[in-house]
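Taking it in order: structure first as structure tokens, then the write-up.
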Amino acid sequence: MTDSRPAVVVVLAAGQGTRMKSATAKVLHTMCGRTMLGHVLAAAEPLQARQTLVVVGHGRDQVSEELAKTGSAEPVVQDEQNGTGHAVRLAMDAAGDVEGAVVVVPGDAPLLTTSTIEALLRRHLETVAAATLLTARMPDPTGYGRIVRDQDGHVTAIVEEKDADERVRQLDEVGTSVYVFDAAKLRANLARLTTDNAQGEEYLTDVIGLLVADGEVVASVAADDHRETLGVNDRVQLAEARRLMRDRILEHWMREGVTITDPQTTWMGVGVRLEPDVTLHQNTQLHGSTTIKSGAVVGPDSTLTNTVVHEGATVLKSHCDGAEIGPGATVGPYSFLRPGTRLGARAKAGAFVEMKAATVGDDSKVPHLSYVGDAEIGERSNIGAATVFVNYDGVEKHRTKIGDDARVGSDTMLVAPVEVGDGAYTAAGSVITDDVPPGAIGVARGRQRNIEGWVERRRAGTKSAESARRAREQRVDAQSAAEGSTMDTETSGDGEQGERQ
Ligand code: UD1
Ligand code: CA
């Protein structure tokens, strides 16, 4: 066979998508980590066409910007949407004097696969056809153009629903707007299109009727799965397409060795990478370039975006964005790891912990109710419950450094910039504003003072006062009983107590 690379791929994307009722161009609506247009271009990309042209119109700036970002295709502007035939005519004008195969795909068919387009192209080349179209049998063909065939089963025309009579409307084989054309024959027949139809548009579908009338070969391939050709015209169809794409992605990963305990509530995008023996539990969403390594368990109820989870780590009921979770590390339940969080091996971000731009060394733990921002924590250190890394002075952010084997007491405020050295402690409830040298304990809190009898005097008549009175009377009774046998006792001062945590 000669070179099977198509000369041109034309993506139709100029329509308004009125039924989406959106300020965003239809083909830029997203599903599973890409725009619809992105999915279509990704399916066409392996064909290695010499040119890929996207016909843009409505929302052309948005769409062209998206194309410029990915650099995958060139826009062709269609000022007025005079129909799919008109759109392809403009694309062919832009393509220049090309020869060979022209592939046409609609920008609103995000489920189309490379292998289906390749099969169409193969049939086209084998049959030396003027045009080869992808058809599908639809359980509900409403809205689609119907494929009309003669007694021998040869395609004779595609008839739009609005132009169809009752007999044609009964047909359930539809055109999918996916075609391969011979460039020269396409160009010649686009020039012959009229707007003499129900919508007053130049229909690309009419090229088929013209070719058949001229005795040209028109071949067809029926899609194995009609769902692959689903055209998205409104948000109900978008949701359906998204669900089908999700199923396809999940099926791929399950076949690659990933356990997904509840596929119905698990969602992920096309950029996610998973290793065998990853387990995903219900209500897990994986976005962006999230990567999960072997033996890791994520979920239930977790959302990970651009996050790396290393071997054997667990993430439970948590939200992670731009984080890296080390081997065997544990996250959650109910934690929020923001961009720049890096947990070392076996590190822990426990319950109700928020972290941002923070490095937590191997075997270090932040078990409960803490905020760790702009921080570096060494190895084997423990950050007590309710510790706050006070990183923001209202104007600027500052960093905190905690050494190895440090013990930060519960409810410590670490007012950055500040350092707690290797093997150092802080006393619970301290507001640490100065560095704590290695091996020292930083104590920074008010000393406790007890005012005896305060409740009975100042809260007389309350249940507390009543309990206080009973306790006092019992104490007095016990004391007088003891006084018979021992010397007077003296209440101790608060001596070294200030250092107790
Ligand atoms: C089209 C086909 C129909 C087929 C269906 C499959 C025609 C006349 N009809 O109908 O046979 O069953 O797709 O989904 O071709 N577009 C432009 N410029 C235009 C008009 C449309 O770029 O002037 C683009 C749209 O953005 C869209 C695609 O072409 O991506 C199809 O247009 P749409 O209006 O959705 O056509 P359908 O009515 O779905
Ligand atoms: Ca459509």
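Just the heavy atoms: all of them, side chains too, but no hydrogens, waters or symmetry mates, feed the values below. We count ligands from 1, going down the list as the structure has it; atoms in each ligand are counted the same way.
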Would you check whether [X] has a nitrogen or oxygen atom less than 3.5 angstrom from a nitrogen or oxygen atom of ligand 1?
{"X": "Gly145", "result": "yes"}
{"X": "Gly15", "result": "yes"}
{"X": "Thr84", "result": "yes"}

Part of [X] within contact of ligand 1 (heavy atoms, under 4.0 Å):
{"X": "Thr229", "answer": "neither"}
{"X": "Ala14", "answer": "both"}
{"X": "Leu12", "answer": "both"}
{"X": "Glu160", "answer": "side chain"}
{"X": "Val27", "answer": "neither"}

Next on the checklist: Run the salt bridge (charged side-chain N to carboxylate O under 4.0 Å, His left out) test on Arg60 and Asp79 for me, step by step, so that the C-alpha distance in whole Å, both residues' side-chain angles and the decisive distance to 0.1 Å come before the verdict.
Outcome noted: CA-CA 9 Å; Arg60 78 188 64 162; Asp79 273 312; 2.9 Å; yes

Is there a donor-acceptor contact under 3.5 Å from the side chain of [X] to the main chain of [Y]?
{"X": "Thr290", "Y": "Thr307", "value": "yes"}
{"X": "Gln81", "Y": "Gln78", "value": "yes"}
{"X": "Arg5", "Y": "Gln48", "value": "yes"}

Heavy atoms only: which of [options] is nearest to [atom]?
{"atom": "atom 18 (N) of ligand 1", "options": "Gln78, Gln81, Arg146", "result": "Gln78"}
{"atom": "atom 19 (C) of ligand 1", "options": "Gly231, Ala91, Ala13, Gly83", "result": "Gly83"}
{"atom": "atom 12 (O) of ligand 1", "options": "Gly175, Gly17, Ser177", "result": "Gly175"}

Next on the checklist: Can you tell me how the ring of Phe336 sits relative to the ring of His319, calling it parallel under 30°, perpendicular over 60° and tilted otherwise?
Outcome noted: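 Because their plane-to-plane angle is over 60°, the rings of Phe336 and His319 count as perpendicular.
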
Item to check | Partners meeting side chain to side chain contact (heavy atoms under 4.5 Å, CB included) with Asp321 (sequence neighbours left out) | outcome: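 By the side chain to side chain contact (heavy atoms under 4.5 Å, CB included) rule, Asp321 matches Thr305, Pro339.
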
Output the list of atoms in ligand 1 that are nearer than 4.0 Å to some heavy atom of [X], sorted by atom number.
{"X": "Gly107", "answer": "30 (O)"}
{"X": "Thr176", "answer": "6 (C)"}
{"X": "Asn233", "answer": "35 (O)"}

Checklist entry - Is it true that the side chains of Lys317 and Asn283 contain a donor and an acceptor less than 3.5 Å apart? => result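 Distance-only check fails for Lys317 and Asn283.
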
Checklist entry - Yes or no on side chain to side chain donor-acceptor pair (under 3.5 Å) for Glu173 and Thr135, after CA distance, side-chain angles and deciding distance? => result CA-CA 7 Å; Glu173 189 185 11; Thr135 73; 2.6 Å; yes

Checklist entry - Would Glu251 and Arg255 satisfy salt bridge (charged side-chain N to carboxylate O under 4.0 Å, His left out), going step by step from the backbone distance to the final call? => result CA-CA 6 Å; Glu251 192 174 317; Arg255 294 197 191 287; 3.4 Å; yes

Next on the checklist: Using the rule side-chain hydrogen bond (donor to acceptor under 3.5 Å, both in side chains), only one of Lys397, His398, Lys356 pairs with Asp374; which is it?
Outcome noted: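 Testing each of Lys397, His398, Lys356 against Asp374, the sole residue satisfying side-chain hydrogen bond (donor to acceptor under 3.5 Å, both in side chains) is Lys356.
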
Checklist entry - Is the shortest distance from a heavy atom of Val174 to ligand 1 less than 4.0 Å? => result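 No, Val174 has no heavy atoms under 4.0 Å from ligand 1.
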
